[in-house]
Engineer: 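Sharing a structure, written as structure tokens. Questions coming.
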Amino acid sequence: MEGLDVDDVFHHYRLSPTEVEAVTYYLPRLLSGQTLHGADKLIHRVEISGCEPKDLDAPYAPAPQAVSSGDRFFFTTCKSKNGSKLQSVRGAGGGTWTIQKTTEISHAGVKVGEVKNLSFKKKGKSTGWVMEEYRCLLPEANVSDGVKVFCRMHLAQHAPDAARQESEAYKLQQQQPEAVTPSTHAQKRPAPAAAADPHPPRPKKRMRGAVPVPAPATPSFLMYDDAARVSSE
């Protein structure tokens, strides 16, 4: 469609794959590098093994239309524990991603993958963060240090306030670049001497021989601030 802005479309799109879609469409394409027709903009390719939810909340915002549930999607490697193909590294910071159950995923009567439901716990208590870890049966999913998986991390239905506050940590990350304003730069970099007074007094007639002070080649941020302040008054 002519004039279609893909970024704008996916800003209003909620990524919510079914179990079958996760292991037969999304994960195979992530493994092969094929396009997901824009949905890959919502899936982060990052190693999350050993990461607590709070380690992922600040740098990665929730998927569009899923802010309240805190949905974050990752294409990552589930690391093997001590080289074992049956055990995975589940410890993360001060807690552990605990497997609640493992379910086979079938399509047309054939097993196509599985999903592991995990809960992040500290000192044996749930923190309010859960994850679905999808695995397919393709041989290329197996790598030297583990297996490639497609994950959806999100808040549990009755997550405590502490977990919801962690999920909103990305907002602080987004505000940091905005805090660097022209006036901030003006305080950090020394302004040229001529910028101290953008409207110097005219010399009297008896000073015809005086050399006028040249205007700076590039107006300083301080001058912009002064002009903005005058216009606002």
Side-chain angles (χ1 to χ4, degrees), residues 1 4-49 51-53 55-79 88 90 92 97-120 126-143 146-159 163-164 166-168 170:
M1 291 170 41
L4 180 65
D5 188 336
V6 175
D7 290 336
D8 185 63
V9 169
F10 277 90
H11 181 72
H12 302 283
Y13 168 80
R14 179 164 185 170
L15 179 59
S16 183
T18 65
E19 292 181 348
V20 171
E21 291 171 343
V23 300
T24 63
Y25 178 79
Y26 288 92
L27 190 47
R29 280 163 176 74
L30 289 167
L31 288 167
S32 64
Q34 290 179 278
T35 179
L36 287 171
H37 304 288
D40 41 5
K41 294 178 179 292
L42 312 180
I43 302 171
H44 308 292
R45 296 172 178 262
V46 59
E47 297 299 336
I48 66 173
S49 181
C51 293
E52 292 191 33
D55 299 327
L56 303 169
D57 291 334
Y60 305 105
Q65 309 304 312
V67 173
S68 61
S69 57
D71 289 20
R72 291 164 170 85
F73 294 88
F74 301 98
F75 175 54
T76 188
T77 303
C78 182
K79 303 285 187 180
S88 303
R90 298 297 184 185
W97 283 104
T98 304
I99 300 176
Q100 303 298 301
K101 66 176 181 177
T102 301
T103 306
E104 288 189 0
I105 302 174
S106 299
H107 180 57
V110 179
K111 180 181 177 180
V112 291
E114 65 179 26
V115 55
K116 294 182 182 294
N117 294 84
L118 303 101
S119 174
F120 187 69
S126 175
T127 61
W129 283 102
V130 293
M131 184 189 297
E132 287 83 60
E133 182 184 275
Y134 298 98
R135 302 182 178 211
C136 67
L137 302 181
L138 295 174
E140 53 265 38
N142 297 306
V143 292
V147 58
K148 290 290 186 181
V149 295
F150 175 44
C151 298
R152 171 187 172 231
M153 185 185 80
H154 59 100
L155 292 163
Q157 185 175 2
H158 302 292
R164 297 191 179 279
E166 287 181 356
S167 184
E168 295 180 354
Y170 72 96

Engineer: I need the minimum non-hydrogen distance between Ser49 and Lys79, along with the two atoms involved.
Structural biologist: OG-CG, 3.2 Å
Engineer: If you look at every heavy atom in Gly70 and Ser167, which pair is closest and at what distance?
Structural biologist: CA-OG, 3.6 Å
Engineer: List the atom of Glu114, the atom of Val23, and the distance in Å for their closest heavy-atom pair.
Structural biologist: O-CG1, 4.4 Å
Engineer: Which residues pass the side chain to side chain contact (heavy atoms under 4.5 Å, CB included) test with Asn142, sequence neighbours left out?
Structural biologist: Val147
Engineer: Please identify each residue that fulfils side chain to side chain donor-acceptor pair (under 3.5 Å) with Trp97, with sequence neighbours left out.
Structural biologist: none
Engineer: Determine whether Phe73 and Pro17 make a side-chain contact, defined as any pair of heavy atoms from C-beta on separated by less than 4.5 Å.
Structural biologist: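 Side-chain contact under 4.5 Å: yes.
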Engineer: My understanding is that only residues two or more places apart in sequence, or in another chain, count here; which of them pass ring pair (Phe, Tyr, Trp, His ring centres under 6.0 Å) with Tyr60?
Structural biologist: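 By the ring pair (Phe, Tyr, Trp, His ring centres under 6.0 Å) rule, Tyr60 matches His44, Phe74.
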Engineer: For Ala58, which residues count as a side chain to side chain contact (heavy atoms under 4.5 Å, CB included) partner, sequence neighbours excluded?
Structural biologist: Ala169, Gln173
Engineer: Are Phe120 and Met131 side-chain neighbours, meaning at least one heavy-atom pair lies under 4.5 Å?
Structural biologist: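 Answer no - side chains too far apart.
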Engineer: The criterion is side chain to side chain contact (heavy atoms under 4.5 Å, CB included); which residues satisfy it with Phe75, sequence neighbours excluded?
Structural biologist: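 Listed in chain order: Leu27, Leu30, Leu31, Ile43, Arg45, Lys148.
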Engineer: Where is the tightest heavy-atom contact between Leu138 and Pro28, given as atom of each residue plus distance?
Structural biologist: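 Looking at all heavy atoms of both residues, the closest pair is CD1-CB, 3.8 Å.
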Engineer: Check side chain to side chain contact (heavy atoms under 4.5 Å, CB included) between Thr76 and all other residues, then give those that pass, not counting sequence neighbours.
Structural biologist: Glu47, Ile48, Val149, Cys151
Engineer: With sequence neighbours left out, write down each residue that passes side chain to side chain donor-acceptor pair (under 3.5 Å) with Thr35, or none if nothing qualifies.
Structural biologist: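 Side chain to side chain donor-acceptor pair (under 3.5 Å) check on Thr35 returns nothing, list empty.
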Engineer: Would you give the length of the straight line joining atom OG of Ser68 to atom CZ of Arg164, rounded to the nearest 0.5 angstrom?
Structural biologist: 7.5 Å
Engineer: Decide yes or no on side-chain contact (heavy atoms from CB on, under 4.5 Å) for Ser32 and Glu140, but give the supporting numbers first.
Structural biologist: CA-CA 9 Å; Ser32 64; Glu140 53 265 38; 5.9 Å; no
Engineer: For Glu132, enumerate each residue passing the salt bridge (Lys or Arg N to Asp or Glu O under 4.0 Å) test, keeping only those at least two apart in sequence or located in another chain.
Structural biologist: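 In terms of salt bridge (Lys or Arg N to Asp or Glu O under 4.0 Å), with neighbours along the sequence ignored, Glu132 is linked to Arg152.
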Engineer: Might you work through the side-chain contact (heavy atoms from CB on, under 4.5 Å) test for Leu36 and Tyr25, ending with a clear yes or no?
Structural biologist: CA-CA 9 Å; Leu36 287 171; Tyr25 178 79; 3.7 Å; yes
Engineer: Using a 3.5 Å cut-off and no angle test, enumerate the donor-acceptor pairs between side-chain atoms of residues 99-113 and protein atoms at least two apart in sequence or in another chain.
Structural biologist:
unit_1, atom_1, unit_2, atom_2, d
Gln100, NE2, Thr98, O, 3.3
Thr102, OG1, Lys116, NZ, 3.3

Engineer: Has Ser119 got a side-chain atom pairing as donor or acceptor with Ser126's backbone, closer than 3.5 angstrom?
Structural biologist: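 Not confirmed, Ser119 side chain does not pair with Ser126 backbone.
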Engineer: Go through the structure and list residues passing side chain to side chain donor-acceptor pair (under 3.5 Å) with Glu166, not counting sequence neighbours.
Structural biologist: Trp129
Engineer: I want to check something: taking the side chain as every heavy atom from C-beta on, are Arg90 and Cys78 in contact at a cut-off of under 4.5 Å?
Structural biologist: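 A side-chain contact exists here, since the closest heavy-atom pair is under 4.5 Å.
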Engineer: May I have the step-by-step check of side-chain contact (heavy atoms from CB on, under 4.5 Å) for Glu52 and Asp57, ending in yes or no?
Structural biologist: CA-CA 9 Å; Glu52 292 191 33; Asp57 291 334; over 6 Å; no
